Amino acid sequence: MAARGAGWLTYVPRCAQGRGPVRRPVHRLFRCAGTVAADLKGEEQLPGSVEPDSQDKILKKRFSEVQKERREQAQRTVLINCPNKISEKKFIKYISQHGPINSHFFYESFGLHAVIEFCQKESVASLQDAVCTPNLGTETAIPFRSRFFNLKWTNPLNPGSEQPNVQCSNQLPPASKKLFQLLCRAESMDDQLNTLLKEFQITEENAKLRHLTCSLIEDIAAAYLPDCTVRPFGSSVNSFGKLGCDLDMFLDLDETGRLNPGKTSGHFQMEFQVKSVPSERIATQKILSVIGECLDHFGPGCVGVQKILNARCPLVRFSQQASGFQCDLTSNNRIALKSSELLYMYGTLDSRVRALVFSIRCWARAHSLTSSIPGAWITNFSLTMMVIFFLQRRSPPLLPTLDYLKTLADEGDQCVIEGHNCTFTSDLNRIKPSGNTETLELLLMEFFEYFGNFAFNKNSINIRQGREQNKPESSPLHIQNPFETSLNVSKNVNQSQLQKFVDLARESAWILQQEDKARPSSASHQPWGLAALLLPSVSHSKSLARKKRKKPASERIRNLLDSIKSSGKEQ
């Protein structure tokens with residue numbers, strides 16, 4: 001179980017598709033004494049992974065401020081592939097000759113890697129000036145000046161004479177058996193939900209590596225577009241990211257393509273010579289095509305590059321083997337950045353929000369309601385929208401509506417993207433804390449009960465107003481996009497998958513209602529609470545038989561009740 005205030009590094013990326021197979025990396029973290037521990041006491045810690053007495057201070061930071069700090073931090077950071085056996089003390093002493101080190105940590109992904117954050121950006125240039133291009137013998141190296149280095153022994157005959165003194169810890173998410181043990185040992189359901197959050201949330205080192213990866217890709221893109229910025233968005237920064245989730249990146253060309261009137265002298269004005277294309281979409285496709293080629297041919301560690309340029313949102317997909325991330329790079333998806341900021345705010349307003357979202361997502365994945373493969377099932381984003389909407393419907397509301405956040409916006413928050421009003425306050429201090437004091441246990445049970453009886457056939461989910469509205473279309477599930485309000489973010493969900501969600505929500509609510517009567521003792525080690533919800537349900541385990549017999553819902557509930565009564569008698 002991850003300790004509070006001390007991050008861990010774990011990645012379980014999907015293998016990249018495309019040119020040749022990409023092996024699944026095994027990740028371990030080598031914890032560093034001193035520098036990492038000191039660094040994690042700083043203010044850049046992730047919400048939910050800080051000490052309670054310091055969390056209020058963290059939550060006052062704007063999303064833009066956090067991302068700016070992370071970006072500056074990444075620009076002072078280098079990634080080094082190290083020999084398997086290395087003395088941490090000697091290694092840090094060797095690197096420190098280029099300048100003082102603010103923090104460092106080691107992890108394994110296709111070999112041992114070190115992430116070194118210097119105190120000054122100049123130290124990176126000093127290290128780069130001391131690095132040479134390797135001689136590959138029969139092959140030819142493509143010279144590329146990056147911040148991704150390879151450390152080799154100068155005396156390869158005796159590299160292992162000194163045992164490495166770095167501590168290794170396996171950082172894969174806990175196996176199902178370990179997770180169930182942790183959940184069953186919890187003292188309450190609230191403790192269970194918080195335990196699951198701590199086990200799966202993106203950690204400090206993980207966040208640093210994500211921003212460093214974006215910064216390394218930015219170095220490559222800047223060869224053609226010197227003023228570009230590569231920013232992470234989505235799960236990596238919205239506070240709901242899970243260890244092993246993909247890394248979504250946005251190639252920001254605002255500074256590069258900004259129409260600047262420039263300086264005039266008398267009757268003259270100078271402009272850049274440029275090529276023109278018919279539309280912004282075509283420009284995006286051309287730019288991403290070139291960047292994709294650069295990543296494929298020149299990007300160290302970038303493999304399995306796919307250019308998916310005809311999608312609704314053109315992108316380049318690839319794996320960054322050194323970090324272990326599956327990456328998606330886009331360039332015309334600015335609304336997604338605002339969505340990331342909005343979710344970040346909702347996730348940091350109240351500690352219960354993230355715990356509830358993580359648990360419901362885990363529940364949905366355990367019952368195959370969600371999948372990493374695109375299809376007709378509910379997505380994690382849709383589930384998050386449903387949780388936010390549910391929390392807006394509590395009495396008193398636990399989360400404010402988007403329309404309310406818009407009323408708190410000042411002049412600097414005004415934002416219109418492609419004709420869509422994306423304005424809301426960016427200042428967390430302007431939002432009054434909720435007076436809602438409901439426990440996570442109650443909220444989880446009420447969530448299942450609420451959506452188990454929701455009128456999906458006629459009502460839509462809308463977090464802008466926080467109230468049920470008539471569906472504007474015939475899709476089984478309608479969740480309004482918070483900014484592109486004419487879009488349904490759950491349009492892919494079919495009736496069968498929605499009914500499966502409703503059935504499982506009703507059963508889960510029923511199981512939680514019986515907890516006080518049937519909860520086993522702490523010494524019995526029997527699954528209870530959240531752990532019981534992650535097991536195959538009575539109806540789910542007999543789903544094939546149900547399909548054949550087409551039992552009505554009332555009979556399914558009676559079977560569940562009989563099962564609970566039987567288990568109670570056995571105890």
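We use all heavy atoms of the structure for the numbers below, so side chains are in, but hydrogens, waters and symmetry mates are not. Every value quoted in this text rests on a predicted model; they were computed, and no experiment measured them.
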One pair to check against salt bridge (Lys or Arg N to Asp or Glu O under 4.0 Å): Lys208 and Glu205. What are the steps and the verdict? CA-CA 5 Å; Lys208 285 186 176 182; Glu205 283 91 349; over 6 Å; no
Could you go step by step and tell me if Asn488 and Ser490 meet the side-chain hydrogen bond (donor to acceptor under 3.5 Å, both in side chains) rule? CA-CA 5 Å; Asn488 174 13; Ser490 56; 2.8 Å; yes
Can Thr401 and Ile463 be said to form a side-chain contact (heavy atoms from CB on, under 4.5 Å), step by step? CA-CA 6 Å; Thr401 65; Ile463 71 167; over 6 Å; no
Before you tell me yes or no, could you show the steps for Arg467 and Gln392 under side-chain contact (heavy atoms from CB on, under 4.5 Å), namely the whole-Å CA-CA distance, both residues' side-chain angles and the distance that decides it to 0.1 Å? CA-CA 8 Å; Arg467 60 185 178 87; Gln392 292 173 338; over 6 Å; no
Evaluate the criterion side-chain contact (heavy atoms from CB on, under 4.5 Å) for residue pair Thr370 and Leu383; output intermediate values, then yes/no. CA-CA 9 Å; Thr370 58; Leu383 282 175; 3.7 Å; yes
What do the steps show when you test Met249 against Leu247 for side-chain contact (heavy atoms from CB on, under 4.5 Å), and what is the final call? CA-CA 6 Å; Met249 297 182 286; Leu247 173 55; 3.9 Å; yes
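Annotation: the span from Gln495 atom CD to Gln497 atom CD amounts to 10.5 Å, rounded to 0.5 Å. Summarising the geometry, atom CD1 belonging to Ile360 is positioned 4.0 Å from atom CG belonging to Leu356; distances are rounded to the nearest 0.5 Å. Separating the CG atom in Asp350 from the CG atom in Leu391 is a distance of 8.0 Å, to the nearest 0.5 Å. With rounding to the nearest 0.5 angstrom, the CZ atom of Arg430 is 13.5 Å from the CZ atom of Phe424. Atom CG of Asp427 and atom CG of Asn429 lie 4.5 Å apart (nearest 0.5 Å). Here CG of Leu337 is found 11.5 Å from CG of Asn238. Values are rounded to the nearest 0.5 Å.
Lys500 and Leu369 make their closest contact through CG-CD2, 3.7 Å (heavy atoms, listed as atom of the first residue, atom of the second, distance). For Glu187 against Trp528, the heavy-atom pair with the smallest separation is C-CH2, 4.3 Å. When all heavy atoms of Gly435 and Pro396 are compared, the pair lying nearest together is C-CG, 3.8 Å. When all heavy atoms of Asp403 and Gln465 are compared, the pair lying nearest together is OD2-CG, 3.3 Å. The two atoms that bring Pro397 and Ser434 nearest to each other are O-OG, 2.7 Å, heavy atoms only. Taking each heavy atom of Val489 and Asn492 in turn, the nearest pair found is O-OD1, 3.9 Å.
For Asp328 (side chain) and Arg317 (main-chain N/O), no donor-acceptor pair under 3.5 Å exists by modelled atom type. Side chain of Asn194 to main chain of Asp190: a donor-acceptor pair is present (N/O by atom type, distance under 3.5 Å, no hydrogens or angles). Using a distance-only test at 3.5 Å, with no hydrogens or angles considered, no donor-acceptor pair links the side chain of Tyr450 to the main chain of Arg393. Using a distance-only test at 3.5 Å, with no hydrogens or angles considered, a donor-acceptor pair links the side chain of Thr439 to the main chain of Leu442. In this structure, Ser371 contributes its side chain and Ile373 its backbone to a donor-acceptor pair below 3.5 Å. Side chain of Ser382 to backbone of Ile378: no donor-acceptor contact under 3.5 angstrom is found.
Taking Thr384 as the reference, Phe240, Leu343, Val357, Arg361, Ile388 meet the side chain to side chain contact (heavy atoms under 4.5 Å, CB included) condition, with sequence neighbours excluded. Lys471 pairs by the side chain to side chain contact (heavy atoms under 4.5 Å, CB included) definition with Ser460, His478, not counting sequence neighbours. Phe447 pairs by the ring-ring contact (aromatic ring centres under 6.0 Å, His included) definition with Phe390, Phe451, not counting sequence neighbours.
At a threshold of 4.5 Å between non-hydrogen side-chain atoms, the residues Phe389 and Ile479 do not count as touching. By the 4.5 Å heavy-atom criterion applied to side chains, Phe180 and Leu534 are counted as neighbours. Within the 4.5 Å cutoff, the side chain of Lys338 has heavy atoms near those of the Ile417 side chain. Side chains of Gln201 and Ser239 form no contact here, defined as non-hydrogen atoms less than 4.5 Å apart. Proximity of Leu329 to Asp248: side-chain heavy atoms (C-beta onward) are nowhere separated by under 4.5 Å. When side chains are defined from C-beta on, Val237 counts as touching Phe63, because their heavy atoms get closer than 4.5 Å. Between Lys61 and Glu69 the shortest side-chain heavy-atom distance falls below 4.5 Å. Using a 4.5 Å heavy-atom threshold, the side chains of Leu196 and Cys362 count as touching.
Between Glu438 and Arg352 no salt bridge is recorded (no basic side-chain N to carboxylate O distance below 4.0 Å). Residues Glu473 and Lys491 are paired through a salt bridge, judged by an N-O separation under 4.0 Å between the basic side chain and the carboxylate.
With hydrogens and angles left out, the side-chain atoms of Arg62 and Ser426 include a donor and acceptor closer than 3.5 Å. Side-chain contact of Asn453 with Glu449: a donor-acceptor pair under 3.5 Å is absent, judged by distance alone. Remark: the Gln320 side chain and the Ser323 side chain contain an N/O donor-acceptor pair separated by less than 3.5 Å. Defined by atom type and a distance below 3.5 Å, a donor-acceptor pair is present between the side-chain atoms of Thr423 and Asn421. In this structure, a donor-acceptor pair under 3.5 Å is absent between the side chains of Gln326 and Asp246.
When each of Arg231, Arg210, His211 is checked for a side-chain hydrogen bond (donor to acceptor under 3.5 Å, both in side chains) with Ser236, only Arg210 meets the rule. Screening Asn481, Leu405, Thr485 for a side chain to side chain contact (heavy atoms under 4.5 Å, CB included) with Arg464, the sole residue that qualifies is Thr485.
Here the two rings, on Trp363 and Phe448, have centers that are under 6.0 Å apart.
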